[in-house]
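In this text, all values refer to a predicted model and were calculated from it rather than measured experimentally. Proteins get letters first, then strands, A, B, ... in listed order; numbering begins at 1 in each.
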Amino acid sequence: MRFGTRLLSWMIGLLAALFAVVVVSAAIGPVALDLPTVAKATLNAIGVPAGLGVGLGESAILGVTIPSPTVDVSYAYPFAFDVPGTAETIVRQVRLPRIALGAVVGFALASAGAVMQGFFRNPMADPSIIGVSSGAALGAVATIAFPVAMPLGLQTAAFVGALVAAFVVYTIATENGRTPVATLLLAGVAVQTFLGAVISYTLLQSGESLDRAVFWLMGHLNNSTWAEVEVTLPLALVTFLGLLTYSQDLNVLMLGEEDAQTVGIPVERTKRILLALSSIVTAAAVAVAGVIGFVGLIVPHVMRLLVGPDHRILLPTSALAGATFLVATDTVARSGPAELPVGIVTAALGAPFFLYLLRRREVHEL
Amino acid sequence: MMKTTQTEPTIVVEDVSLSLGAVDVLDGVSLSADRGEFLGLVGPNGAGKTTLLRTLNGVFEPDEGVVSLDGERIDRLDSRAVARRVATVPQDTSVAFDFAVEDVVRMGRTPYRSRTDIVADDTDRDAVEDALARTEMLDLRDRPITEVSGGERQRAYVARALAQDTPALVLDEPTASLDINHQVRVLELIAELVASGTTAVAAIHDLDLAARYCDRLALLADGRLQAVGDPETVLTDDHLQPAFDTRTAVTPDAVTGAPNVTAITDPARDRDTHVHVLGSGATAARVLTKLWQAGFDVTVGPLASGDTALSVARELDVEAIETPPLSGPDEGALTDAHEHCREARATVLADPVLGPDEHVLDLAEASERSILIERRPLAERNRAGDEARRRYRNLESDAIGASVHGLVPAIVEATAAQAVPADD
């Protein structure tokens, strides 16, 4: 099975690369740790969901405590290596949450980017093109400027903002049940511009929290928590699997919508589902990490050059490569003399690399 | 008008109308295609051919009327079910992404595969193999679709349509961007499929190719069906002139015998300069068309029945002197021809063949002014003998030599030179 082997070898290779980058990243920091210890501690931290329970908890919104359902997931840890206590704590409590979140965010952005580029048949498409990032940014900046007391309130606001923006763009671009991608693209640009104005205004009104808001906008992974990982990872995985079942439809869509229709793809419905899923996966990433540019743009590009345009292999490899790329760039971002927002590093590394590809080969033909 | 068969037609279009924006693109079109029939849609640009095809494959839903595939109304089928009944070879097959040829062909299996099945199953693989083999694309299966030639890409799309395993096939200008060799190969391939029972409907703007390969033609103009039937009955100047808004000459093709359509511009000239044409065959035919288009009052003859030039003359309503084949011109014909040659301001000798009775030479010598077009050496054209050869050489020295291309300026110059002394 030619295709199966190819997919499998790419996946094994990329998983190995991801694990290597994670371990190296976890070894880098103010306290020097040796790689074998870090590797063991990292394996120890891998948890597999083992049980699911729904309970009743409380959450505080606008100072009012209200009862709300909570989902309790219990995890089983298949590895139990013997690791010194301090090292284990540093790796597991300090470094890994950030690394894991970086991996999830990179995974999410790159898979959404791969889908959007195929969907728009446009190499410049990335997940933020339909306004998702701007919507998330507005939600986040508004929450920073006018704080709301709620667990993960900022993230929730950003997530909701992202989905609302995407939905608005979709609605504007849809007429008589048809959503031409060109209209969608233009509507996305217009809504982004408008939201940009609102964000700037909100920043002006944000007073003392301006620093935090600007920092959020640049894309960052510091102060990441396991709680964020626990919400984002399942969301990203489920939507990713959903997108994966549409990989062949995406292939056909790349030959043109009318053509796709004639081989039996219900084009408008498929577009709606793809937009919804990739908006959700992007929103999940942007909500926890801010606007991190270029991951969703260049990672799928590079993978397309390496594995070809078939989404059955492009999508999973892009996702894993995105995870690896973001963990690596975030390591660079935090290991310099002054910590940088990772968005600066991805853009600073990504843009020249992209230009290199553009000059060198086929990217301009896509 | 339409063929009547026992089996139900594969494609039935009943009274279909469709507007795009404010434009009525299709207006009450009814048409059907039987099993194993190759139906060609012909007509001018903007006639609605592509739109009609798009109602056949479910891309457009008609405002009025019904399209049925294999007895099922298309508007009651979902896109998968439609794709199992009709496959489409699109007009524009340029692809931006470099899928392998085989990947593109496999996309034809889309209406049969399940969403979770990432790797194609056995029946899919057989269908893809078979489609690649029938289109002779096995060798190119791993090549990126962006790197094969236009003809090969078209064949890959035909292969994809084959893999789709449908009773009906819709093709939009399958040969538009191909060279003559690939045009014929693609159409031969479609004809083979049709012979094995597929129903094909194709928009073809090349009328000659349409006539050669299609069982029936449907002529569409301004969104209405103008004529349906055998190529010979549809491709007539009566049908074509209003549809294409130009005069046409329809002659049987020298090689295939299928109708051959030539568009001719109809100049609003007075036709007061009489030019007579001597000669026969393709050169005479071209000369006739050329002179007629340039606005001369043209006559021709004698011409044997069945000569290409004679059919062109008929299409152009040019006065021609016809004689029975083989026996040579009779007395009456020669008298008429003499009269024309004497009266004409110029006589064009279109690569003339010198027959045993040397009447061409007689006629040419009777002409006021001769213009000679030679395309073959005299030796090939001389069936009379040395005396004829001598007379021809004399004639040649008096005549004005010209090519078909330079004919009109040569005549204008010659007749002007004659006119000048008359004016003085």
Would you give the length of the straight line joining atom [atom1] of [X] to atom [atom2] of [Y], rounded to the nearest 0.5 angstrom?
X: B/Phe60; Y: A/Gln261; atom1: CZ; atom2: CD; result: 10.0 Å
X: B/Asp103; Y: A/Met254; atom1: CG; atom2: CE; result: 10.0 Å
X: A/Phe3; Y: B/Arg106; atom1: CZ; atom2: CZ; result: 8.5 Å
X: A/Ile265; Y: B/Arg80; atom1: CD1; atom2: CZ; result: 9.0 Å
X: A/Leu255; Y: B/Ile145; atom1: CG; atom2: CD1; result: 8.5 Å
X: A/Asn251; Y: B/Thr110; atom1: CG; atom2: OG1; result: 9.0 Å

Structural part of [X] lying under 4.5 Å from a heavy atom of chain A:
X: B/Val86; value: backbone
X: B/Val82; value: neither
X: B/Arg84; value: neither

Is the count of non-hydrogen atoms from other residues, nucleotides or ligands lying under 6.0 Å from A/Phe167 atom CZ greater than 12? no
With side-chain contact (heavy atoms from CB on, under 4.5 Å) as the test, would you mind laying out the steps for A/Gln248 and B/Met107 before giving the verdict? CA-CA 8 Å; A/Gln248 303 204 64; B/Met107 290 179 192; over 6 Å; no
Kindly indicate, with the supporting measurements, whether the criterion salt bridge (charged side-chain N to carboxylate O under 4.0 Å, His left out) is fulfilled by B/Arg160 and A/Asp259. CA-CA 11 Å; B/Arg160 188 187 72 174; A/Asp259 203 44; 2.6 Å; yes
A/Ser247 portion near chain B, given a 4.5 angstrom heavy-atom threshold: side chain
How close do B/Ala83 and A/Thr262 get, counting heavy atoms only, and between which atoms? CB-O, 3.6 Å
Can we say B/Arg113 and A/Asp249 salt-bridge, meaning some charged N sits less than 4.0 Å from an Asp/Glu carboxylate O? yes
